[in-house]
Engineer: 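Below is a structure I'd like to ask you about.
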Amino acid sequence: MHTPSPTSSSNADRVVPLVIIAPVRDEADLIRLTLDSMVAQTVKPVEWIIVDDGSQDGTADIVREYAEKHSFIRLVQRPDRGFRKVGGGVVAAFKFGITQIQHQEYEYIAKLDGDMSFGPHYLELMFEQFAQNPKLAAVSGKVFREEDGQKIEEHIIDEHVAGQFKLYRRVAFEEIGGFVEEVLWDGIDVHTARMKGWTTLSFLDSNAILMHHRLMGSSDKNVYRGRLRWGRGIWFMGYHPLYALASGVFRMREKPFVIGGLLIIAGYIGAAIKGTPRYDNLEFRQHLHRWQLGQIKNLFFKRKS
């Protein structure tokens, strides 16, 4: 099938072979932003499955309200496990959503969070990227949050893809084996894709901005706990010690300033001291180390020059 590349509002009723799965839990305060963003898109997914993962608020009722008006939106529900399981729980809910897909001829699949908003041309611009590069596995815009009336970027490198709205070419997604049920699932997947010869991309475009309405890493208890969890996650994923240190230093410039980066480093070192298990794929970890050391080398020589 020719990848759609719409360029104007005349494509408002165009439907693409995309299935979006949104695992959500207690998002009643924010999910209307995501719902409104999706129904305003210039191209629509063939199916949007919203997996209510045990919400105790009005999330499900809000989704039903929109589903009654828009046939591509569908609510499915999972029993309440009694707590928010960050990382692994999101992927488990996503995988449950895959089992509920009705339109099996889809060619693209996406995972979307329920606390995001984005402009009406977002999907249009993502599909333009797919059309330009047949080896592009996954794509996203850049992520921002509003702070004191300003848009603050949640920095990710261009080779990474935002976990909040991760859009995949189906054949690539299936080749990497989907997402793993771990905190750093959204890093493992893109590195696996590159290891298998695909490319991944996040790009900055004013019409493709993802607004995140919750501070990254703060969904479970508080952001400090989130940063420690992040450090343990990069240990599990297999980060090289030098890259882990560099990552912690880099994140010191984001809220919570300095302490956040220190907590990431502490989480990594703590997991190392305890001998916490790592991602059981030696080829992946070796590939990751080569890539990370290459990134450090490139940064060093760039600054030196």
Engineer: For Ser202 and Ile156, work out which heavy atoms get closest and say how close.
Structural biologist: OG-CD1, 3.6 Å
Engineer: Compare every heavy atom of Asp115 with every heavy atom of Glu27, then report the nearest pair and how far apart it is.
Structural biologist: OE1-CB, 4.0 Å
Engineer: Check whether any side-chain N or O of Tyr268 sits under 3.5 Å from a backbone N or O of Tyr239 as a donor-acceptor pair, and report yes or no.
Structural biologist: yes
Engineer: Taking only Lys NZ, Arg NE, NH1 and NH2, and the carboxylate oxygens of Asp or Glu, determine whether Glu175 and Arg169 approach each other closer than 4.0 Å.
Structural biologist: no
Engineer: Grouping I, L, V, M, F, W and Y whenever their side-chain heavy atoms are under 4.5 Å apart, do Met237 and Leu242 come out in a common cluster?
Structural biologist: yes
Engineer: Under 3.5 Å, is there a donor on one side chain and an acceptor on the other for Asp113 and Gln164?
Structural biologist: no
Engineer: If I take atom CZ from residue Phe236 and atom CD1 from residue Ile188, how far apart are they, to the nearest 0.5 angstrom?
Structural biologist: 5.0 Å
Engineer: So, taking the atom named CG in Asp26 and the one named CG in Asp52, what distance separates them when rounded to the nearest 0.5 Å?
Structural biologist: 8.0 Å
Engineer: List the atom of Met116, the atom of His212, and the distance in Å for their closest heavy-atom pair.
Structural biologist: SD-CD2, 3.4 Å
Engineer: Go through it in stages, so that I can follow the logic: the residues are Tyr224 and Leu228, the test is side chain to side chain contact (heavy atoms under 4.5 Å, CB included), and I'd like the CA-CA distance, side-chain angles, deciding distance and then a yes or no.
Structural biologist: CA-CA 7 Å; Tyr224 303 106; Leu228 276 171; over 6 Å; no
Engineer: Is any side-chain heavy atom of Ile50 less than 4.5 Å from a side-chain heavy atom of Tyr66?
Structural biologist: no
Engineer: Short question: side chain of Thr200, backbone of Ala138 - any donor-acceptor pair under 3.5 Å?
Structural biologist: no
Engineer: Using the rule that Ile, Leu, Val, Met, Phe, Trp and Tyr join whenever any side-chain heavy atoms are under 4.5 Å apart, tell me whether Leu112 and Phe203 fall into a single cluster.
Structural biologist: yes
Engineer: Before giving the answer on side chain to side chain donor-acceptor pair (under 3.5 Å), spell out for His191 and Arg194 the whole-Å C-alpha distance, their side-chain angles and the decisive distance to 0.1 Å.
Structural biologist: CA-CA 5 Å; His191 283 286; Arg194 286 199 292 271; 3.0 Å; yes
Engineer: Has the side chain of Glu65 got a donor or acceptor atom that lies under 3.5 Å from a matching backbone atom of Asp61?
Structural biologist: no
Engineer: Let me confirm one number: the NE2-CD1 distance from His103 to Ile101, rounded to the nearest 0.5 Å.
Structural biologist: 10.5 Å
Engineer: In Å, rounded to the nearest 0.5 Å, how long is the span from CH2 of Trp185 to NZ of Lys166?
Structural biologist: 5.0 Å
Engineer: If we only count heavy atoms from C-beta on, is the Ile209 to Lys142 side-chain gap below 4.5 Å?
Structural biologist: no
Engineer: Within the distance-only criterion (no hydrogens, no angle test), does the side chain of Trp198 pair as donor or acceptor with the backbone N or O of Ala172 below 3.5 angstrom?
Structural biologist: no
Engineer: Please walk me through it: do Leu123 and Leu167 pass side chain to side chain contact (heavy atoms under 4.5 Å, CB included)?
Structural biologist: CA-CA 9 Å; Leu123 285 178; Leu167 175 54; 4.3 Å; yes
Engineer: Show the nearest heavy-atom pair for residues Gly58 and Ala28, with the distance to one decimal.
Structural biologist: N-CB, 3.9 Å
Engineer: Looking at Tyr279, does the NZ or CZ of Arg285 lie under 6.0 angstrom from its six-membered ring centre and within 45 degrees of the ring axis?
Structural biologist: no
Engineer: Any non-hydrogen side-chain atom of Tyr243 less than 4.5 Å from a side-chain atom of His289?
Structural biologist: no
Engineer: Are the side chain of Arg25 and the backbone N or O of Gly54 linked by a donor-acceptor pair below 3.5 Å?
Structural biologist: yes
Engineer: Please report the shortest heavy-atom distance between Met38 and Pro45, naming the atom on each side.
Structural biologist: SD-CD, 4.0 Å
Engineer: Under a 4.5 Å cut-off applied to non-hydrogen side-chain atoms, are Ile109 and Ile21 in contact?
Structural biologist: yes
Engineer: Heavy atoms, side chains only, cut-off 4.5 Å: are Glu181 and Lys95 in contact?
Structural biologist: yes
Engineer: In terms of heavy-atom contacts, does CD of Gln104 have more than 12 from other residues, nucleotides or ligands at under 6.0 Å?
Structural biologist: yes
Engineer: Are Phe96 and Phe173 connected into the same hydrophobic cluster when the rule is that any two of I, L, V, M, F, W, Y join if their side-chain heavy atoms are below 4.5 Å apart?
Structural biologist: yes
Engineer: Take Val15 and Phe72 through the test side chain to side chain contact (heavy atoms under 4.5 Å, CB included) and record every step on the way to the result.
Structural biologist: CA-CA 10 Å; Val15 176; Phe72 68 92; over 6 Å; no
Engineer: Evaluate the criterion side chain to side chain donor-acceptor pair (under 3.5 Å) for residue pair His240 and Gln292; output intermediate values, then yes/no.
Structural biologist: CA-CA 7 Å; His240 189 282; Gln292 290 179 334; 5.9 Å; no
Engineer: Linking I/L/V/M/F/W/Y whenever any side-chain heavy atoms sit under 4.5 Å apart, do Ile20 and Leu33 land together?
Structural biologist: no
Engineer: Can you tell me if Arg170 uses its side chain to pair, donor with acceptor, with the backbone of Tyr106 under 3.5 Å?
Structural biologist: yes
Engineer: Under the side chain to side chain contact (heavy atoms under 4.5 Å, CB included) criterion, do Lys196 and Ile176 qualify, and how do the steps go?
Structural biologist: CA-CA 8 Å; Lys196 292 182 177 294; Ile176 68 170; 4.2 Å; yes
Engineer: Determine the interplanar angle of the Phe118 and Phe165 rings, folded into 0 to 90°, and report it as parallel if under 30°, tilted if 30 to 60°, perpendicular if over 60°.
Structural biologist: tilted
Engineer: Any side-chain heavy atom of Phe94 within less than 4.5 Å of one from Val51?
Structural biologist: no
Engineer: Could you give the distance from OG1 (Thr42) to NE2 (His121), rounded to the nearest 0.5 Å?
Structural biologist: 5.5 Å
Engineer: Is the closest side-chain heavy-atom distance between Val63 and Trp48 below 4.5 Å?
Structural biologist: no
Engineer: If I compare all heavy atoms of Ala40 with all of Pro120, which pair ends up nearest, and what's the gap?
Structural biologist: O-CB, 3.3 Å
Engineer: Quick one: do Ile152 and Leu204 end up in the same hydrophobic cluster if we chain Ile, Leu, Val, Met, Phe, Trp and Tyr together by side-chain heavy atoms under 4.5 Å apart?
Structural biologist: no
Engineer: Quick one: does Arg214's side chain get under 4.5 Å of Leu30's, heavy atoms only?
Structural biologist: yes
Engineer: Rounded to the nearest 0.5 Å, what's the gap from CE on Met126 to CD on Gln129? Could you check?
Structural biologist: 7.0 Å
